[in-house]
Amino acid sequence: MVQASAPGKCILFGEHAVVYGQPAVAVAIDQRMTVSLEISDVWRIDGMRFSPERHPHVESLKQRLWANGPSLSIKVNGDIPPASGLGSSAALSVAASAALRCARGRQIKDDDWGEGWTAARPNAVYTGPWDVEQGDSVQTGKDSVDVDECAILSHAVEASAQGGRASPLDSSTCSHGGCIVLSDKVESDLNWIYSRTLNDVSWEVHAVDLPKEIEDVWLVIGNTGIHAPTSEQVAKVARLLENEPGRMREIETIGIISRRGIAALKEGNMEGVGRAMSENHLLLRSIGVSCSELESLISAAAPSSLGVKLTGAGGGGCMIALTRNPKETSEAIELAGGRTLISKIAAHGLIVESDDNSPLWNPFE
Ligand code: MEV
C-alpha cells in the first residue's frame, strides 16, 4: 500500500487582500488529510464506486498522473473539517498527488527527470509531462515524490475546480508545511522558493524560518459550522471595490498590517503578531466578510488571546485565536457555540507515510 498525508492551513494575515497583490501569510496546522492507494478490480473511493463528478480534484489528478493506469482503491481519512477555510481540499490534492507519484515512480533520463512538473521548468508548469521515451531508469517510492511538484499539481486542480480563481497560498502551505508568505514581489528578507502565475496573476512564494518563541503559543480554531463558498466571498469584495473604489485603501491597509505581522513573527514578538491579527480582522469586518456567528466566537476568545480574527474567505467557516492558554480559549469558544481544534503553529508538510510494494504500476513498460 502507498500512503501520503498533508496538513491543513490557517491564514494568519492577508486573505482577500492577496487577491489584489497584497502580502499574505499562512501556516500549516496539525490536522491532516491522508490518502492511501491499492490496486483494485474497479475504481473505488472509501469503498464506494469512484465518481469523477463527486471527486473532481482526484479525477483531475488521475488524468495527470494515472492516465491508462490500472484501477485503484483510494482511501481518504482526515481531521480537517471540509469547506471551512482550513485547506481540506488542497491537503487532499497534495496527499493524493504524492501518493499517485509514489505509486507510479518517475522516469529518469540522462540523470534528470524524464517527466513531471517543476518550477525549474516554468513552461512545463500546468502543461503536463514533457517528452517521455523509454529512459534509463525509474525512481521509485519516496524518492520519486517532490514537494514542489505536489504544490504545482494541487494549485492546478484547485484552480480548475474553482473556475480559474485560486491563489497558490493553500497548495504551497499544505505541501511545504511551515509558514508560507505570498507577495507581489520577491521579499529579500524571506526565503524565496518560486513564482507562480495563473491567468496573468503572479505571486512570489516564500518560506519563513520561525523563531523558538512560537513554541509557547497555540492556535485555537473555532468553526461556526457555516459553509460559505470562497468564490462568493471573493466576488462580494470585488463588487464593493467596483462600487466604491476608495475602499481599496482598506485592502492596502491589510497589506501594511500583514507586513507588520511578518516582522513581528520573524522577531518572535508574539504579542505583536496577535495585535496585527486583531487589526487585520477589523479591516476584514469593514469590507464585509465577517458575520454574526464569527463575531460571537471572536468576542468569546478575545479576553484569553493575544489576537483573534476570521481565517480564510469568511462569511462563515472558521476564526482563529493566537493564545498562550489554549484550554481556556477553547472552552470560551465552545461555550459561544463553536467547535474547536487546537494546533501548534507551522506543522510538517507533505509526508509519504508508506511506499510498500511501490511502484504499483510502471507506465513505461
Ligand atoms: C481563501 O482561503 C483566501 C482568499 O484570499 C482567496 C484566495 O487567496 O484565493 C479569500
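For this chain, numbers begin at 1 and follow the sequence in order. Read the numbers this way: they start at 1 and go in the same order the structure lists the ligands and their atoms.
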Note to self: H16 versus ligand 1: do any nitrogen or oxygen atoms come within less than 3.5 Å of each other?
What the structure shows: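 So ligand 1 has an N or O lying under 3.5 Å from an N or O of H16.
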
Notebook entry, point to check: Backbone or side chain, does any N or O of T230 fall under 3.5 Å from an N or O of ligand 1?
Noted result: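 No; every N/O pair is 3.5 Å or more apart.
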
Check: How many angstroms lie between atom NE2 of H348 and atom CZ of R32, to the nearest 0.5 angstrom?
Finding: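 Interatomic distance, H348 NE2 to R32 CZ, rounded to 0.5 Å: 8.0 Å.
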
Next item on the list: Determine which pairs satisfy side-chain hydrogen bond (donor to acceptor under 3.5 Å, both in side chains) with at least one residue from residues 287-307, sequence neighbours left out, and list them in order.
Entry: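 Of all non-adjacent pairs touching residues 287-307, those that pass side-chain hydrogen bond (donor to acceptor under 3.5 Å, both in side chains) are H281-E295, R285-E295, S290-E295, S304-T329.
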
Checklist line | Option with minimal heavy-atom separation from atom 6 (C) of ligand 1, where the choices are L284, I11, V19, V289 | finding: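 Residue with the shortest heavy-atom distance to the ligand atom: V19.
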
Margin query: Only heavy atoms of E15, strictly under 4.0 Å: list the atoms of ligand 1 that pass.
Written below: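 In order of numbering, the contacting atoms are 5 (O).
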
Checklist line | Those atoms of ligand 1 less than 4.0 Å from some heavy atom in V18 | finding: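 Per the distance check, 5 (O), 8 (O).
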
Margin query: A cation-pi test, strictly: NZ or CZ of K62 under 6.0 Å from the centre of the six-membered ring of W43 and no more than 45 degrees from its axis. Yes or no?
Written below: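 The answer is yes, since K62 meets both limits relative to W43.
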
Check: Is the closest basic N to carboxylate O distance between R106 and E149 below 4.0 Å?
Finding: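 Salt bridge flag = yes for E149 with R106.
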
Margin query: Check this for me: does any side-chain nitrogen of one of K327 and E331 sit under 4.0 Å from a carboxylate oxygen of the other?
Written below: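 Result for this pair is yes, salt bridge flagged.
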
Item checked: ligand 1 contact on K9 by region, counting heavy-atom pairs under 4.0 Å ->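 Only the side chain of K9 comes within reach of ligand 1.
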
